[in-house]
Structure formats: structure tokens, C-alpha cells
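The next block holds one structure in the form of C-alpha cells; read it before the comments.
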Amino acid sequence: MREERRLVWRVLRHWKEIADCGRFPRRDEIDPWLRGEDGANCLLIAVGWSIELSHFIVVGVNLAGALCATDTLAGVLLSSVPQVVSSRRGLMMEGVAMLRRVDIRYRTVLLPVSEVGATIDYVLGATSYRSLRVNEVRATQVNFRRLPMPRIARNSQP
């Protein structure tokens with residue numbers, strides 16, 4: 001099988017390999033991705049005891065500008081954490097946002113991470129992006145796609 005070139009799909013495949021074994025990945029299992037070549041476009045969000053208190057704890061160098069007050073990519077990512085936590089499944093999004101005062105077209109995947117298996121403690125994100133072309137429309141619509149529920153989440157449903 002040839003190596004996947006697209007970051008979002010590559011990270012999703014690694015996450016799914018663990019989740020298909022019946023549990024969410026632990027942070028120590030994803031830390032190597034955050035330090036590896038893909039880490040420049042990855043981030044980790046700690047889920048707060050109140051979902052509104054969730055915050056970035058690891059941000060790759062290519063996404064660091066997303067934390068600036070004038071950029072909106074950070075807002076898009078943080079605002080999607082409740083969907084990942086409540087549905088207990090990954091979320092893929094595509095849209096247009098601003099990063100370092102430049103309009104970008106992005107694709108991101110947000111994936112639940114758990115230290116003990118049931119509670120979602122973190123959300124792993126991987127984002128690829130490019131500058132918006134001159135002739136592209138800056139639409140504000142974000143396209144969401146819920147990913148299939150992993151076995152662990154299906155088994156723990158009430």
C-alpha cells in the first residue's frame with residue numbers, strides 16, 4: 001500500500017488503527033505524531049471540566065499564528081470541540097478562515113483522545129491549508145462531516 005500524502009488522512013488512519021482496537025488513543029500514543037514531521041500542522045486541545053474552558057496545549061509551528069486575536073482558525077477549531085466530545089467521534093471540517101492575516105482554505109480533522117478509555121480528555125487536531133487564490137470566493141460556510149463512531153464509543157453508548 002502506498003504512503004498517504006495528505007496529512008489529515010494520514011493522522012486519521014493512525015488514530016483509527018488504535019480506536020478500532022476498542023479504545024480511544026491515549027496522549028502518550030499521540031505525542032510522537034506531535035513531535036514528528038506532521039507535528040508542525042497538528043495541535044492538541046485539553047478538554048476543560050466545563051467545555052467552555054477547553055484550551056490549546058500543543059500547537060504546531062505552522063499553526064501557531066492561529067492563536068493570535070486577529071485570526072479565526074483557532075475560533076473555528078475550539079468551537080468544534082463540543083461536537084467531538086458529545087458525539088464521541090471524530091469530525092472533519094473544510095472551510096475558509098484567516099491565519100496570520102491571510103485568508104486560507106483549510107481541511108482539518110478533530111479526534112477524541114482519552115487517558116482512561118471513556119472520558120475524552122483531549123482533542124487531537126491535524127490541519128492542512130493553503131492561501132486562498134485571488135479568484136476564489138471567501139465563503140464563510142464550514143463543511144462538517146462526522147466520522148464513523150469507533151468501536152469503543154459504540155460499546156459505551158447507553
Side-chain angles (χ1 to χ4, degrees), residues 6-102 104-129 142-158:
R6 295 171 294 185
L7 167 79
V8 169
W9 292 106
R10 193 169 51 245
V11 170
L12 177 59
R13 181 174 42 92
H14 289 303
W15 180 88
K16 194 169 170 1
E17 286 171 0
I18 297 169
D20 282 349
C21 291
R23 64 178 177 79
F24 291 121
R26 294 185 314 269
R27 181 173 175 181
D28 64 341
E29 293 173 309
I30 63 163
D31 276 344
W33 304 339
L34 298 173
R35 284 187 237 117
E37 190 175 312
D38 290 339
N41 284 50
C42 289
L43 53 90
L44 191 63
I45 300 170
V47 176
W49 61 270
S50 171
I51 200 75
E52 295 82 21
L53 297 176
S54 299
H55 59 279
F56 294 100
I57 56 173
V58 176
V59 178
V61 68
N62 291 342
L63 301 175
L67 301 181
C68 298
T70 59
D71 294 324
T72 60
L73 182 59
V76 170
L77 299 176
L78 281 175
S79 69
S80 301
V81 168
Q83 288 182 49
V84 174
V85 173
S86 66
S87 69
R88 302 179 55 74
R89 63 174 75 183
L91 182 66
M92 188 171 294
M93 302 180 312
E94 296 177 346
V96 175
M98 188 170 273
L99 179 64
R100 295 182 191 99
R101 296 188 178 114
V102 174
I104 60 165
R105 177 163 303 282
Y106 68 89
R107 175 179 289 151
T108 192
V109 64
L110 297 174
L111 303 164
V113 176
S114 177
E115 291 299 321
V116 293
T119 303
I120 298 171
D121 303 298
Y122 304 98
V123 173
L124 169 66
T127 303
S128 58
Y129 61 91
V142 177
N143 297 317
F144 295 93
R145 187 171 104 203
R146 283 193 175 161
L147 300 174
M149 191 174 280
R151 185 177 310 148
I152 181 70
R154 285 192 304 260
N155 292 341
S156 64
Q157 290 292 314

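Note that the numbering runs from 1 along the sequence shown for the chain.
- In this view, N41 and L7, N62, Y129 satisfy the side chain to side chain contact (heavy atoms under 4.5 Å, CB included) rule, not counting sequence neighbours.
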For this session: Evaluate the side-chain contact (heavy atoms from CB on, under 4.5 Å) criterion for residues L111 and L12: first the C-alpha distance (whole Å), next the side-chain angles of each, then the deciding distance (0.1 Å), finally the verdict.
Result: CA-CA 8 Å; L111 303 164; L12 177 59; 3.7 Å; yes

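- Residues L124 and L110 are not in side-chain contact: their nearest non-hydrogen atoms beyond the backbone lie 4.5 Å or more apart.
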Exercise. Checking side-chain contact (heavy atoms from CB on, under 4.5 Å) for the pair L99/Y106: CA distance, chi angles, key distance, verdict?
Worked result: CA-CA 10 Å; L99 179 64; Y106 68 89; over 6 Å; no

Problem set entry | Intermediate values then yes/no, side-chain contact (heavy atoms from CB on, under 4.5 Å), M98 and I104 | CA-CA 6 Å; M98 188 170 273; I104 60 165; over 6 Å; no

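- Partners of E115 under the salt bridge (Lys or Arg N to Asp or Glu O under 4.0 Å) rule, at least two apart in sequence or in another chain, do not exist in this structure.
- A salt bridge links E29 with R23: at least one charged nitrogen is closer than 4.0 Å to a carboxylate oxygen.
- Minimum interatomic distance between P25 and I18 (heavy atoms only, all atoms of both residues): CA-CG2, 3.7 Å.
- From C42, atom SG reaches atom CG of D31 across 11.5 Å, with rounding to the nearest 0.5 Å.
- By the 4.5 Å heavy-atom criterion applied to side chains, R6 and S128 are not counted as neighbours.
- Counting only residues at least two apart or in different chains, side-chain hydrogen bond (donor to acceptor under 3.5 Å, both in side chains) contacts with residues 117-127 comprise T108-T127.
- A side-chain donor-acceptor contact under 3.5 Å links W15 to the backbone of P112.
- In terms of heavy atoms, L77 sits closest to M93 at CD2-CE, 3.9 Å.
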For this session: Carefully, step by step, assess V113 and I120 under the rule side-chain contact (heavy atoms from CB on, under 4.5 Å).
Result: CA-CA 6 Å; V113 176; I120 298 171; over 6 Å; no

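- E37 CD: 12 or fewer foreign heavy atoms inside a 6.0 Å radius.
- Every residue meeting the side chain to side chain contact (heavy atoms under 4.5 Å, CB included) condition with V58, not counting sequence neighbours, appears here in chain and number order: R27, L34, L44.
- For S50, the side chain to side chain contact (heavy atoms under 4.5 Å, CB included) criterion is met by E52, L53, not counting sequence neighbours.
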